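Order of appearance sets the numbers: ligands from 1, and atoms from 1 within every ligand. Just so it is clear, the structure is predicted and the values come from calculations on it, not from any experiment.
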Amino acid sequence: MLDRTVKIAPSILSADFADFGREIQAIEAQGADWVHVDVMDGHFVPNLTFGPPAVKAFRPHVKTVMDVHLMISPVDAYIDAYAEAGADILTAHLEAGPHSHRTLQAIRGAGMKAGLALNPGTPAEAVEHLLDLTDLICVMTVNPGFGGQKFIDMTDKIRKLSAMIGDRPVHIEIDGGVDPSTAPLVVEAGADVLVAGSAVFRGGSVDKAEVYGENIAAIRSAATGASAAA
Ligand code: DX5
Ligand code: ZN
């Protein structure tokens, strides 16, 4: 059975870009379940981050799960490079090209879990014939490209996906604008992986890492309906 307990995946897009190793160690020590890595190409999205050599350098610091979100087009030519870099999960956008079916097969063929991300304008039904090739659907609740944007309510899409997925071992991940006020809405609709950038890193630093811990705990408590830790 797939683990559907809520998992918090801080996005290192909001970390100190000069100190990724220590930032990753800090968020994991403070309760991160996965580490979310946002790869942007300045073409599929209007922002540019890092590529395979940087992701490879992150790998030894990640003890949990390295969840790599590709906001690049095309994808297929780079799949082997991200496998070699050590990605556990490699997520491509459905909108990145006409052959998502082939892309998902290639990701699994390279030994990684295969994720498929959907922009806000893409309907749930678009993944219907891809679900058996997919380990994770990432529902974007902002237009991809930047951290710190306002949450777009996609709860109806999450509910439809959850029903379509049924018993299949497919995670539903939410990415964009997740904080303690929005987390309960998406978890109630069926999400189990919550990416959060600004809501995790806000107010903290590697030398004030306990703030990361408080921020992660606040999202988790809100999402699971538990009372906030004293
Ligand atoms: C957006 C990225 C997100 C981003 C989330 O394009 O895919 O992972 O870092 O940032 P917040 O949580 O600040 O919206
Ligand atoms: Zn992301």
Side-chain angles (χ1 to χ4, degrees), residues 6-17 20 23-24 27 30-51 54-55 58 62 64-73 75 78 82 87-96 107 112-122 135-154 158 171-187 191-204 211-212 214-220 222-223:
V6 170
K7 289 161 283 296
I8 311 291
S11 164
I12 59 168
L13 186 63
S14 294
D16 176 356
F17 270 43
F20 279 124
E23 290 276 41
I24 290 167
I27 53 173
Q30 294 295 328
D33 299 293
W34 294 6
V35 175
H36 186 83
V37 176
D38 285 307
V39 174
M40 305 187 187
D41 67 353
H43 164 73
F44 180 70
V45 289
N47 194 6
L48 194 58
T49 55
F50 34 69
V55 175
F58 305 157
V62 179
T64 57
V65 172
M66 190 157 74
D67 173 34
V68 178
H69 177 192
L70 297 181
M71 286 160 274
I72 69 172
S73 173
V75 172
Y78 299 97
Y82 286 99
D88 295 303
I89 303 170
L90 192 67
T91 295
H93 268 262
L94 182 74
E95 306 84 2
I107 293 171
M112 297 172 284
K113 301 257 191 215
L116 194 59
L118 304 181
N119 283 335
T122 302
D135 300 292
L136 173 149
I137 303 284
C138 174
V139 177
M140 296 303 303
T141 40
V142 295
N143 285 296
F146 302 95
Q149 302 183 81
K150 192 174 174 319
F151 177 81
I152 303 168
D153 189 346
M154 290 278 132
I158 300 166
H171 294 289
I172 299 182
E173 176 178 75
I174 308 303
D175 191 358
V178 172
D179 65 17
S181 71
T182 56
L185 307 174
V186 298
V187 169
D192 66 302
V193 185
L194 306 181
V195 175
S198 37
V200 167
F201 285 90
R202 185 179 297 138
V211 176
Y212 298 160
E214 290 159 16
N215 290 343
I216 290 169
I219 298 167
R220 198 190 307 279

Can you tell me if D135 uses its side chain to pair, donor with acceptor, with the backbone of A114 under 3.5 Å? yes
How far does CG of D38 sit from OG1 of T49, to the nearest 0.5 angstrom? 7.0 Å
Applying the side chain to side chain contact (heavy atoms under 4.5 Å, CB included) criterion to F151, which one of D179, L185, V142 satisfies it? L185
Listed by chain and number, what are the ring-ring contact (aromatic ring centres under 6.0 Å, His included) partners of Y212, not counting sequence neighbours? F201
Close side-chain approach of I12 and V35, heavy atoms under 4.5 Å: yes
Which residue in the set M66, K113, E173 passes side chain to side chain contact (heavy atoms under 4.5 Å, CB included) when paired with I89? K113
Please walk me through it: do T91 and V68 pass side-chain contact (heavy atoms from CB on, under 4.5 Å)? CA-CA 6 Å; T91 295; V68 178; over 6 Å; no
Any idea which protein heavy atom is nearest atom 9 (O) of ligand 1, and the distance to it? S11 OG, 3.0 Å
Which ligand 1 atoms, with their elements, are less than 4.0 angstrom from a heavy-atom of A196? 12 (O)
Would you call A199 a ligand 1 contact, heavy-atom distance under 4.0 Å? no
Identify, by atom number and element, the atoms of ligand 1 in contact range of M40, meaning under 4.0 Å from any of its heavy atoms. 6 (O)
Excluding sequence neighbours, so at least two apart, what forms side chain to side chain donor-acceptor pair (under 3.5 Å) with S73? none
Could you check atom 12 (O) of ligand 1 against the protein and tell me its nearest heavy-atom contact, residue, atom and distance included? G197 N, 2.7 Å
In terms of atom number and element, which parts of ligand 1 are under 4.0 angstrom from non-hydrogen atoms of M71? 6 (O), 7 (O)
Please check if the number of heavy atoms outside Y78 that lie under 6.0 Å from its OH is greater than 12. no
Test of proximity, N143 against ligand 1: N or O pairs below 3.5 Å: no
Return the residue, atom name and 0.1 Å-rounded distance of the protein heavy atom closest to atom 5 (C) of ligand 1. D175 OD1, 3.5 Å
Distance filter under 4.0 Å to H69 heavy atoms, resulting ligand 1 atoms: 7 (O)
Ignoring angles and geometry beyond distance, decide whether L13 reaches within less than 3.5 Å of ligand 1 through its nitrogen or oxygen atoms. no
Residue V195 vicinity, atoms of ligand 1 by number, heavy atom under 4.0 Å: 8 (O)
Among L194, D192, I219, find the one that has a side chain to side chain contact (heavy atoms under 4.5 Å, CB included) with V6. L194
Is there a nitrogen or oxygen of G145 sitting under 3.5 Å from a nitrogen or oxygen of ligand 1? yes
Give the atom numbers and elements of ligand 1 that come within less than 4.0 Å of a heavy atom of S198. 11 (P), 12 (O), 13 (O)
Hey, is the main chain of H43 close enough, under 3.5 Å, to the side chain of D41 for a donor-acceptor pair? yes
Count of protein N, O or S atoms below 2.8 Å from the Zn ion (ligand 2) equals 4
How would you list, by chain and number, every residue that makes a side chain to side chain donor-acceptor pair (under 3.5 Å) with N143, sequence neighbours excluded? none
With nothing but distance in play, are any N or O atoms of G177 less than 3.5 Å from an N or O of ligand 1? yes
Interatomic distance, OG@S198 vs CD@Q149, rounded to 0.5 Å, equals 9.5 Å
Parallel under 30°, tilted from 30 to 60°, perpendicular over 60°: which one fits the rings of F58 and F50? perpendicular
Please could you name the atoms of ligand 1 that G147 approaches to less than 4.0 Å, counting only its heavy atoms? 10 (O), 13 (O)
Check each atom of ligand 1 against the heavy atoms of G176 and keep those under 4.0 Å away; list them by number with element. 14 (O)
For atom 1 (C) of ligand 1, the closest protein heavy atom turns out to be F146 O, 3.6 Å
Contact check: D38 vs ligand 1, nitrogen or oxygen atoms, below 3.5 angstrom: yes
Between atom NE2 of H69 and atom CG of D67, what is the distance when rounded to the nearest 0.5 Å? 9.0 Å
